[in-house]
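These figures come from a predicted structure and were not determined experimentally. Sequence lines set the chain letters: A, B, ... in the order given, protein chains first and strands last, and positions in each chain run from 1. Note that these values count all heavy atoms, side chains included, but never hydrogens, waters or copies made by symmetry.
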2 protein chains.
Amino acid sequence: MERAIPDIVVGRLPHYLRALQHMSLEGRRLTSSQELSERLGISAAQIRKDLSLFGEFGKQGTGYQIDYLLNQLRQILKVNQIWDIALVGAGDMGSAIARYQGFTDRGFRVVMIFDNDPSVIGSQIGPFTIQSTDELVVAIQSADVRIAMLAVPAANAQEVADMLVQAGIKSILNYAPISLNVPDDVHVQYIDPVIHLQRMTYYLE
Amino acid sequence: MERAIPDIVVGRLPHYLRALQHMSLEGRRLTSSQELSERLGISAAQIRKDLSLFGEFGKQGTGYQIDYLLNQLRQILKVNQIWDIALVGAGDMGSAIARYQGFTDRGFRVVMIFDNDPSVIGSQIGPFTIQSTDELVVAIQSADVRIAMLAVPAANAQEVADMLVQAGIKSILNYAPISLNVPDDVHVQYIDPVIHLQRMTYYLE
DNA sequence: CGCTAATTGTTAATGTTTGCACAATCGGGC
DNA sequence: GCCCGATTGTGCAAACATTAACAATTAGCG
């Protein structure tokens, strides 16, 4: 627990959490590193080693109690709470994200939506009124939101990212197909379907 | 070129390609491993080494010719052609994907859309008529499509994946928050925004 | 109660990836 | 034509990540 946890390990924890959450919903009580291994395609030794960096959560001969491990992981990843998210961009992708039902039971909820297109500002997506990006910095600051999702065209992404940083955002999930430039204390994750597709075409004939 | 290329290297190539494509659009002619490094947050030595696995594309003292390297990478990743994609799921996310304009100039296009909801089957998204999943296997087989995007609820994802495999699909981009079980010769890539978000909350206070 | 099969946490060995550093080479300027 | 600053490709060393293997422990069963 003292030594820093490698990024690559942190990146696997959400996968463990997701698998455990499914098992818990299926009404299961116990699992093992081997079962997780089969479900996730990650070796059992690796799963045990990853978890052991944070504590001893299992029992020899028995395995892991699903609900217990689930809670431990939620605590480690700090999703034993609901994080508020600001969404920027209310186009096709932004709207789909805003309507997505899968956030709440995994620790997140969208609480504000921004766009710069006057023809959509003021309209509703579910319970939210789309606000102007002019209000973005102040709105995010006063609501003390720390996480944002960016679903604007590539051409505007850096500019919006700059505003988000100014507003105090510390984590950005970027759907625009462009690398963002942000200070060291701001984390960025990228979602670009084409990157994944191109990675797979390499292996096609 | 003889030895197998590590997966991790293949995974970086699309990022190089994307950056180069931007530079080319900006009208630039030349770049260097150092410039790419700054734009991508990947060390210059690593970029040079990755590229050197496929050939010698640069010139000492000068750097890389953007358009030349671009074409080389397109060939390596096999996106010097347009790949047809089958999209399964015409809900919020599926519709947003179907309307996304960013595929074509990066090597892909959606050519068919399926859903199992009778109330949407037959309706149009852009130029496409949504087909029943009953027709999926035959339609994909006869059109010889090799890549699919999966945007259905988690509960149906495995079942649809099985159909896709049966239809001869070799690459699946899965938007459902669940690990898929497929034969070894089928590649799967995952897009789950919550995984990325949870990875970032670890670093928040 | 003692045996068996299962399974963890951990150590040591192995394998992979990254970074450093530099010779080689290029183009431009004088 | 020669020098200088820039920049590549690469060999080697260091850092990092994964796997294998096993002692320790557990639950269940007869």
Side-chain angles (χ1 to χ4, degrees), chain A residues 1-16 19-20 23 28-73 76 184 199 202-203, chain B residues 1-17 19-20 23 28-73 76 184 199 202:
Chain A
M1 206 54 177
E2 302 304 332
R3 293 201 337 283
I5 305 296
D7 273 8
I8 197 161
V9 174
V10 175
R12 280 190 294 259
L13 299 181
H15 294 272
Y16 303 156
L20 289 163
M23 290 177 184
R28 308 274 315 287
R29 296 271 129 165
L30 281 171
T31 187
S32 64
S33 57
Q34 194 187 335
E35 189 191 24
L36 284 166
S37 169
E38 280 155 21
R39 266 173 103 129
L40 295 171
I42 297 173
S43 83
Q46 181 144 84
I47 293 170
R48 294 201 300 277
K49 181 163 248 207
D50 285 352
L51 295 176
S52 78
L53 292 175
F54 297 93
E56 309 200 351
F57 303 127
K59 205 181 257 180
Q60 283 136 326
T62 311
Y64 300 93
Q65 278 209 251
I66 290 171
D67 286 340
Y68 175 70
L69 184 53
L70 202 44
N71 279 321
Q72 293 295 312
L73 282 173
I76 292 166
D184 283 351
R199 192 175 180 159
Y202 176 82
Y203 299 99
Chain B
M1 204 57 177
E2 302 305 331
R3 294 201 335 282
I5 305 296
D7 272 8
I8 196 161
V9 174
V10 175
R12 280 190 295 259
L13 299 181
H15 294 271
Y16 303 156
L17 181 56
L20 289 163
M23 291 177 183
R28 306 271 317 287
R29 296 272 128 163
L30 282 171
T31 187
S32 65
S33 58
Q34 194 186 335
E35 189 189 23
L36 284 165
S37 169
E38 280 154 22
R39 268 174 103 130
L40 296 171
I42 297 174
S43 84
Q46 180 143 84
I47 293 171
R48 293 200 300 277
K49 189 165 258 200
D50 284 352
L51 295 176
S52 78
L53 292 175
F54 298 92
E56 310 201 350
F57 302 129
K59 207 180 256 182
Q60 283 136 326
T62 311
Y64 300 92
Q65 279 210 251
I66 290 172
D67 286 341
Y68 175 69
L69 184 51
L70 202 43
N71 278 322
Q72 293 295 311
L73 282 172
I76 292 164
D184 284 350
R199 191 175 179 157
Y202 175 82

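Distances shorter than 4.0 Å separate some side-chain N or O of A:Ser43 from OP1 or OP2 on D:dT19. For the pair B:Lys59 and C:dG27, the criterion of a side-chain N or O lying under 4.0 Å from OP1 or OP2 is met. Side-chain N/O atoms of A:Ser33 include one lying less than 4.0 angstrom from OP1 or OP2 on C:dT8. At the phosphate of C:dG9, OP1 or OP2 sits under 4.0 Å from a side-chain N or O atom of A:Tyr64. In this model, the phosphate group of C:dA24 is not approached by any side-chain N or O of B:Gln60 to a distance below 4.0 Å at OP1 or OP2.
Between the P atom of D:dT25 and the CD atom of A:Glu56 lies a distance of 11 Å, rounded to the nearest Å. As a whole-Å value, the separation of B:Asp7 CG from C:dT17 P is 8 Å. The separation between A:Arg12 atom CZ and D:dT19 atom P is 9 Å, rounded to whole Å. The separation between A:Asp50 atom CG and C:dT8 atom P is 13 Å, rounded to whole Å. Computed from coordinates, the A:Ile47 CD1 to D:dT19 P distance equals 11 Å when rounded to whole Å. For A:Arg29 and D:dA27, the CZ to P distance is 17 Å, given to the nearest whole Å.
A:Leu51 comes within 4.0 angstrom of nothing in the nucleic acid, heavy atoms only.
Considering only heavy atoms from C-beta on, B:Ile66 stays 4.5 Å or farther from B:Arg29 through its side chain. Within the 4.5 Å cutoff, side-chain heavy atoms of B:Tyr16 are placed close to those of B:Ile42. Two residues are said to be in side-chain contact when any heavy atoms from C-beta on lie closer than 4.5 Å; B:Leu73 and B:Leu51 meet this criterion. Counting only heavy atoms from C-beta outward, the side chains of A:Leu70 and A:Met23 never approach each other to under 4.5 Å.
The number of heavy atoms from other shown groups lying within 6.0 Å of CD (B:Glu35) is above 12.
The side chain of B:Thr62 sits closest to C:dG27 out of C:dG27, C:dG19, C:dT10. Looking at the side chain of B:Lys49, the nearest of the listed nucleotides D:dC12, D:dT7, D:dG9 is D:dC12.
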